[in-house]
Amino acid sequence: MAAEGQTVSEYIIHHLTNLAYGKLPGGYVRDDGSVIPDGGMWTMAHSGAETSAMGFMAVHVDSMVWSIGLGLFFCWLFRRVAVHATSGVPSGVVNFAEMIIEFVDKTVKDTFHGRNPLVAPLALTILVWVWLMNLMDLIPVDIIPWVLMQFGVHFQKIVPSTDVNITMGMALGVFILMLFYSIKVKGVGFIKELTLNPFNHPVFIPVNLFMEVVGLLAKPFSLGLRLFGNMYAGEMIFILIAALYGAGIAWAGVAGLLQIGWAIFHILVITLQAFIFMVLTIVYLSMAHEDH
Amino acid sequence: MNINLTLFGQMIAFVLFVLFCMKYVWPPIMAAMQERAEKIADGLAAADRAGHDLELAQEKAVERLKEAKAEAAGIIDAANKRGNQIVEEAKDQARVEAERVKAAARAELEQDINRAREQLRGQVSALALAGAEKVLAAEIDASAHNELVDKLAAEL
């Protein structure tokens with residue numbers, strides 16, 4: 001719900017602003033009127049505008065904390081399962097984890113035909129980690145930011161996958177792996193693939209190169225931006241529904257129904273997006289391993 | 001929407017988590033699952049074997065039972081035969097004994113008869129002597145003789 005004296009658009013913008021720590025450039029005039037000394041200064045951003053002014057030299061603290069925290073949770077959970085896993089009768093969380101692992105293993109084996117011990121753990125990490133990050137979307141948008149506000153933390157975006165840095169960071173990680181394995185497996189064949197496709201004639205090399213490079217670059221961007229776009233849009237709708245609560249008793253009822261409906265639908269979306277990210281990663285790595 | 005250092009932070013975290021998963025999570029769980037699959041396969045094979053063994057054992061048991069029945073029938077047969085033999089022997093013995101008793105009885109009887117005959121003979125002579133005495137003592141009387149003789153005869 002919008003805080004006192006806050007317009008709906010301020011409320012939405014507030015919810016879409018990350019908590020950032022970064023270097024403000026020298027001479028920058030902050031919101032409270034103070035001026036940054038020459039040479040710049042590392043500080044917490046007090047507004048979205050300050051975050052923008054920091055440019056590249058900034059870290060979204062909330063995204064990083066939630067993302068790494070959930071990653072650690074994933075590692076802890078599955079490490080515990082790995083320690084407890086025996087050839088005996090599995091029970092409880094071991095059973096659940098084994099179900100996920102079996103599913104990932106089957107998906108990898110169906111799609112990826114090479115031999116690479118990295119792909120399956122990579123797929124598992126992506127599936128569970130991305131799913132956990134997406135899951136944060138189902139927590140009502142105001143709870144955690146409001147609690148942290150009481151402790152003086154002004155901005156908080158708890159869904160890391162609504163931060164394009166997070167999704168693109170993972171997508172670029174996958175992209176680097178694609179390039180690495182393309183060169184490792186195909187060697188010169190990778191250059192040929194980029195230059196002599198689709199028109200197999202030396203004259204067309206520039207055209208081929210342009211087309212193939214665009215196609216290659218499109219993969220990580222589509223991978224990262226698809227997840228970001230879906231989660232960002234979903235989060236935005238949750239925020240809009242939350243804003244509706246402030247529009248009066250009658251609207252609050254409607255908002256309640258909408259929120260339940262959208263949340264139930266979103267359970268499907270978060271799972272599907274995590275699955276798509278995983279499958280596309282496997283497919284891209286599989287393509288990197290296949291020699292034509 | 002700002003692109004900043006978060007991008008690299010996430011990339012580094014991503015790499016570290018994947019490496020952790022690859023080293024400490026995936027292999028032990030996969031190993032455990034494979035081991036379990038093998039165990040289950042072994043268990044199923046053992047169950048099959050046990051079923052086969054059971055069948056064999058049942059066949060053997062049926063055979064043994066048949067043998068035992070045949071043996072028991074033989075024993076009963078022999079016992080019956082022996083019983084009959086004993087009965088026959090007892091009968092024979094009884095018959096011999098009976099003959100012996102009969103013979104003894106007959107001999108005794110004959111002895112008695114002979115003794116009685118001797119006695120009778122003695123008495124007859126005494127009677128004859130008495131009769132002769134009376135005849136000699138009394139008058140000869142035909143009717144009296146007749147009567148005497150009749151009496152004599154009756155006494156014999």
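Scope of the values below: all heavy atoms of this structure, side chains included, with no hydrogens, waters or symmetry mates. Protein chains get the first letters and strands the later ones, always in sequence-line order, with residue 1 at the start of each.
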Residue [X] versus chain B: region with a heavy atom under 4.5 Å:
X: Asn18(A); result: neither
X: Ile176(A); result: side chain
X: Val83(A); result: neither

Query raised in the report: For chain A, which residues of residues 80-96 of chain B have at least one non-hydrogen atom nearer than 4.5 Å to it?
Result: none

Requested in this report: Could you tell me which residues in residues 11-43 of chain B have at least one non-hydrogen atom under 4.5 Å from a non-hydrogen atom of chain A, sorted by residue number?
Outcome: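 From residues 11-43 of chain B, the residues near chain A are Met11(B), Ala13(B), Phe14(B), Phe17(B), Val18(B), Phe20(B), Cys21(B), Met22(B), Tyr24(B), Val25(B), Trp26(B), Pro28(B), Ile29(B), Met30(B), Ala32(B), Met33(B), Glu35(B), Arg36(B), Lys39(B).
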
Query raised in the report: Among Gly169(A), Ser87(A), Ser67(A), which has the most heavy-atom pairs under 4.5 Å with chain B?
Result: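 Looking at each of Gly169(A), Ser87(A), Ser67(A) in turn, Ser87(A) comes out on top.
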
Query raised in the report: Between Thr6(B) and Ile166(A), what is the shortest heavy-atom contact and its length?
Result: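 Scanning both residues, the minimum pair turns out to be CG2-CD1, 4.0 Å.
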
**Report entry** Crowding at CZ, Phe221(A) (>12 non-hydrogen neighbours, <6.0 Å)
**Finding:**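 For Phe221(A), atom CZ is not crowded (no more than 12 foreign heavy atoms under 6.0 Å).
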
Requested in this report: Verify the neighbour count for atom CD of Glu67(B): are there more than 12 heavy atoms of other residues, nucleotides or ligands below 6.0 Å?
Outcome: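 Yes, CD of Glu67(B) has more than 12 neighbouring heavy atoms, counting only those of other groups under 6.0 Å.
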
Query raised in the report: Do the non-hydrogen side-chain atoms of Asn2(B) and His60(A) ever get within less than 4.5 Å of each other?
Result: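 Heavy-atom side-chain distance check passes, below 4.5 Å.
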
Report summary line: Value for CG (Leu7(B)) from OG (Ser63(A)), rounded to nearest 0.5 Å, stands at 11.5 Å

Query raised in the report: CG/Leu5(B) to CE/Met57(A) distance, rounded to the nearest 0.5 angstrom?
Result: 5.0 Å

Query - Side-chain donor or acceptor of Asn4(B) paired with backbone N/O of Val59(A) under 3.5 Å - result: no

